[in-house]
J.: 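Dumping the structure here so I can ask a few things about it.
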Amino acid sequence: MAIATMTTPLPISFFPFLLLIPAICFTICDANSNLLCIPSEREALLKFKNHLIDPSNRLSSWVEGGDCCKWIGVVCHNLTGHVHQLHLAAPLSPYEQSALGGKINPSLLELNHLSTLDLSNNNFSSMHIPKFFGLLESLTYLNLSRAQFQGAIPHNLGNLSKLQYLDLRGNDLKSESFHWVSGLSSLQYLDLSYANLSKATDWLQVTFKHPSLLELHLSACVLEDDPYLISVNSSKSLAVLDLSWNSLSSVPKSMFSLHGLVSIDLIFNSLDGPIPDYFGNISFVEVLDLHQNSLNSSIPNSLYSLNHLRFLHLSSNKIEQDISEILQSLSRCCLGSLESLNMADNQLSGHLTYQLGQFKNLSYLSLAQNNISGPIPSSIGELSSLKYFDVSENQLNGTFPLCFGQLESLETLDFGYNLLEGVVIETHFSKLMRLTTLKASHNRLRFEPNSSWIPPFQCQIIELGHWHLGSKFPLWLKFQKELSSLDISHVGISDVMPTWFVNLPTQFEYLNLSYNQVTGGISYLNVTNSIDLSSNRFTGPLPRVLSTLRYLFLSNNSFSGPLSELICNPSLKEMVALYIDINLLTGEIPDCWNHWENLAYLNLGNNNLTGKIPPTLGYTNPCMLNLRNNSMFGELPSTLRNSWSLVMLDLSENHFSGSVPAWIGDKLSNLVVLSLRSNNFDGHIPHKICDLQFLQNLDLAHNNISGVIPKCFSNLSEMATKIKINNELSTPYFIDYSFYLKALLVLKGREDEYGSTLGLVTSLDLSANHVRGEIPKEIGTLVGLLSLNFSRNLLTGNIPDNIGNMELMESLDLSMNRLNGEIPPSFSNLNFSNHFNVSYNNLTGHIPTSTQLQSFENLSYVGNHLCGPPLTKNCTSKSIPTDVGNKGSKVNWLYVSIFFGFVLGFWSVVAPLFFSKSWRIAYYRKLDQICGKLYVFWAAMGM
Ligand SMILES: *[C@@H]1O[C@H](CO)[C@@H](O)[C@H](O)[C@H]1NC(C)=O
Ligand SMILES: *[C@@H]1O[C@H](CO)[C@@H](O)[C@H](O)[C@H]1NC(C)=O
Ligand SMILES: *[C@@H]1O[C@H](CO)[C@@H](O)[C@H](O)[C@H]1NC(C)=O
Ligand SMILES: *[C@@H]1O[C@H](CO)[C@@H](O)[C@H](O)[C@H]1NC(C)=O
Ligand SMILES: *[C@@H]1O[C@H](CO)[C@@H](O)[C@H](O)[C@H]1NC(C)=O
């Protein structure tokens with residue numbers, strides 16, 4: 001996001017004087033002191049005013065009989081007294097409702113000498129641009145930008161042959177042709193941005209040939225590639241070309257014949273292929289901005305003939321090149337001119353070279369998100385103009401050069417997510433007086449300054465996650481009075497939370513202290529947006545928080561006491577994610593969730609909570625609800641039916657009872673993971689469960705469920721599908737939420753975490769219930785299953801033959817039932833990589849031969865009447881031994897239950913956040929998109 005907002009080149013405008021007029025007019029309009037306005041013009045102005053709506057009475061000076069040359073916004077000619085200029089732009093203030101509206105009266109036509117008309121930023125709600133504007137012959141300046149005009153641009157504007165400046169930007173306009181523009185023979189500045197010009201296929205022919213045009217802005221005009229190829233009579237004057245936010249798939253070739261070009265902006269188009277190699281003709285270009293396209297291959301040599309280049313922005317493309325080559329070539333053309341270089345988010349490789357230090361005017365450098373390796377050259381200390389330096393998310397190694405301390409102009413320093421190592425000392429920051437942003441998380445650096453160190457900077461953002469900051473809470477933070485975002489997660493602090501920190505006079509937007517060993521209680525945190533204190537040793541009651549807070553992560557601490565003060569605080573309306581899992585919370589979950597309208601993630605798992613699920617919780621309609629491993633009881637409240645957004649519901653390891661409600665299948669139709677494991681649920685498995693078309697993990701193990709296995713399980717289409725595209729969960733509105741989800745899978749006593757691959761995990765676990773009857777052959781159609789566990793039930797009959805066709809199966813447990821017959825020969829097709837167990841049934845005959853089946857231990861087969869390897873018993877004799885059954889009654893239950901099947905646990909959200917910055921950003925974006933609850937988090941953070 002930083003890339004989009006911070007790298008836009010400074011606007012080049014050839015019209016500074018024109019742009020300034022509106023701003024200064026309100027103060028200088030009295031200059032016409034000795035003039036009396038012309039009565040007919042005064043009447044015309046009054047008539048114009050009378051048709052306007054002026055809610056804030058801005059035109060209060062416009063009164064009958066007054067000297068109209070002294071009216072606000074009116075400028076008369078200093079000799080003739082004719083009204084020359086009307087400056088009626090509304091101030092761009094969100095607080096003032098001073099936009100003019102209403103109708104625009106043609107009485108303006110009486111102002112024969114009107115040369116300037118500025119109605120920008122007003123609200124002519126959906127009115128067409130009046131046709132009579134085309135009759136205001138004296139106009140040289142017309143600004144109707146952002147004034148809520150709509151409809152077709154009147155072509156008779158093309159009659160304004162004196163017009164030099166036309167700004168229609170930011171309205172809802174369209175035009176099907178550009179022919180009218182060729183009539184504007186004096187035009188120098190044209191801005192039609194945001195008009196729909198998709199049908200005006202002559203846009204390029206007209207504008208590129210225009211003899212006087214200096215500056216052209218056609219941003220977001222739905223322009224497509226030039227269908228014609230013009231080459232002759234190209235404009236020599238056009239200097240500024242802005243075609244950003246269109247649908248161009250190639251750079252118009254005719255652009256390269258505009259010899260006067262100084263600034264080219266083609267950002268956010270669909271340009272692909274290599275950057276064209278025609279820059280030789282347009283060698284005066286100073287600004288070249290092509291970011292956010294799909295340009296690939298390497299930078300063409302002709303680009304290095306632009307020896308006036310000041311801004312080169314190619315970020316967010318697919319350029320593959322060695323950075324040292326690029327620096328080498330740029331040092332030949334633009335060593336003295338280059339001020340801003342942004343090549344972030346490409347596929348650059350290689351090392352940074354000493355040449356970097358030779359770009360004396362460089363003030364902005366971003367090479368973030370590439371594959372650049374090697375050390376940061378110490379020549380960087382010579383970049384005395386450098387204000388912005390971002391090399392985050394590369395593979396830079398070596399130390400953090402001391403020379404950074406010399407960069408007096410530096411404001412933003414970001415080298416997070418690299419492989420730098422070593423010790424950082426105070427000198428590294430010695431002259432960084434202007435530093436406001438220090439982002440350096442995820443390096444192997446150690447920084448333990450003298451306890452008396454006072455940093456020379458006042459930062460707003462400090463991110464030092466994964467550094468080694470020593471065991472004491474960093475005292476120097478005490479002096480950061482402007483701090484609003486702090487990440488000192490995983491830095492080895494093992495200290496009491498200092499009171500000075502809690503009482504810092506600053507208000508944080510974002511605070512991350514996770515993965516330390518901070519102890520003590522916290523009564524209050526002055527943080528507006530996001531708090532992460534997870535994995536520390538905080539104790540005491542839950543802290544009080546601001547009502548604006550959106551993300552609160554307190555997982556894995558020792559917070560204790562009840563939830564009610566936090567949950568029942570009616571001002572907490574903004575919360576999106578609340579994680580207090582793995583703490584010592586006690587008491588009931590209070591029934592006051594009515595105001596938690598934005599809640600999307602709730603994790604209260606692994607506490608000591610009791611009571612029932614409060615009815616109001618059902619109305620919050622989160623995407624994830626995790627209450628696992630508490631002491632809660634009772635039936636599921638029917639209000640939970642309203643939580644149709646639920647994708648993950650984990651109520652495992654409690655004492656919930658009653659039957660599994662059929663409405664889960666009806667109402668919670670987005671469920672991907674449903675775990676009711678280890679409770680007291682009874683009754684049958686409702687057939688409605690089979691309607692959950694997205695369900696991938698169903699865990700009902702360790703309950704009192706009876707009845708039979710529903711045949712309709714074969715309708716669980718996600719389990720019946722083998723091919724999963726891109727590991728993604730195919731829910732209706734979740735494209736990929738694996739960023740925040742970590743599932744903890746316990747297989748044969750081994751825990752496996754499934755994060756980004758969770759979309760591939762499918763499991764069905766009904767173990768340790770009272771399910772009886774035969775295993776329906778329909779189970780064999782669930783060919784997407786990786787794990788199937790029916791152990792410890794009362795199943796009878798044969799094992800269906802087609803289970804041998806479930807090729808993805810990695811783990812199958814049918815042990816401790818009453819299954820009889822033979823192990824189907826098709827089982828030799830199965831390719832278990834984890835686990836197989838059919839012990840303690842009444843199976844007979846030969847164990848089918850395959851490399852897998854014979855590789856399991858005897859324990860997988862004992863308690864049957866089986867023979868053949870891996871069992872020592874040979875299959876020669878036809879008689880069925882009878883002594884095995886007796887042994888079976890002395891089952892070592894411990895052994896048998898080593899394999900619990902799938903235990904799906906929702907790991908704290910926190911862990912994945914630290915893997916990569918882009919992950920983390922994506923994570924928050926994802927949080928922000930879910931459930932149609934749209935939030936702007938990182939935008940507000942300025943990230
Ligand atoms: C009138 O304005 C012109 C420019 O518009 C300026 O050059 C001239 O000095 C002004 N004359 C007086 C008397 O202010
Ligand atoms: C940096 O990484 C490269 C391999 O990518 C290695 O050869 C080199 O020794 C490393 N340098 C340092 C200082 O660790
Ligand atoms: C939070 O910090 C801000 C900024 O220092 C301060 O104005 C505000 O009073 C604090 N809020 C509370 C509730 O302490
Ligand atoms: C949970 O509560 C039970 C009884 O209420 C208590 O024995 C147990 O120690 C508590 N566990 C924790 C971790 O506080
Ligand atoms: C085991 O299977 C045999 C037939 O294969 C049957 O006669 C016997 O009753 C079964 N035993 C049990 C305990 O179900």
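Order of listing sets the numbers, starting from 1, for every ligand and every atom in it. All of these numbers come straight from a predicted model, not from anything done at the bench.
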J.: Sequence neighbours excluded, which residues qualify as side chain to side chain contact (heavy atoms under 4.5 Å, CB included) partners of His428?
T.: Phe400, Leu402, Val424, Ile425
J.: For ligand 3, which atoms have a heavy atom of Asn526 less than 4.0 angstrom away?
T.: 1 (C), 2 (O), 3 (C), 8 (C), 10 (C), 11 (N), 12 (C), 14 (O)
J.: Does any part of the side chain of Leu572, heavy atoms only, come nearer than 4.5 Å to the side chain of Leu566, both counted from C-beta?
T.: yes
J.: Does a salt bridge link Arg446 with Glu448, judged by any charged N lying under 4.0 Å from a carboxylate O?
T.: yes
J.: Phe311 and Tyr364: aromatic ring centres closer than 6.0 Å?
T.: no
J.: Heavy atoms under 4.0 Å from ligand 2: which residues qualify?
T.: Asn397, Gly398
J.: Which atoms from ligand 3 have a heavy atom of Pro505 less than 4.0 Å away?
T.: 4 (C), 5 (O)
J.: Check whether any N or O atom of Leu546, backbone or side chain, sits under 3.5 Å from an N or O atom of ligand 3, and answer yes or no.
T.: no
J.: Check for me whether the distance between the ring centres of Tyr601 and Phe553 falls short of 6.0 Å.
T.: no
J.: If only side-chain N and O atoms count, and only distance matters, is there a donor-acceptor pair under 3.5 Å linking Ser535 with Asn556?
T.: yes
J.: Measuring only between side-chain heavy atoms, which start at C-beta, is Phe479 closer than 4.5 Å to Pro455?
T.: yes
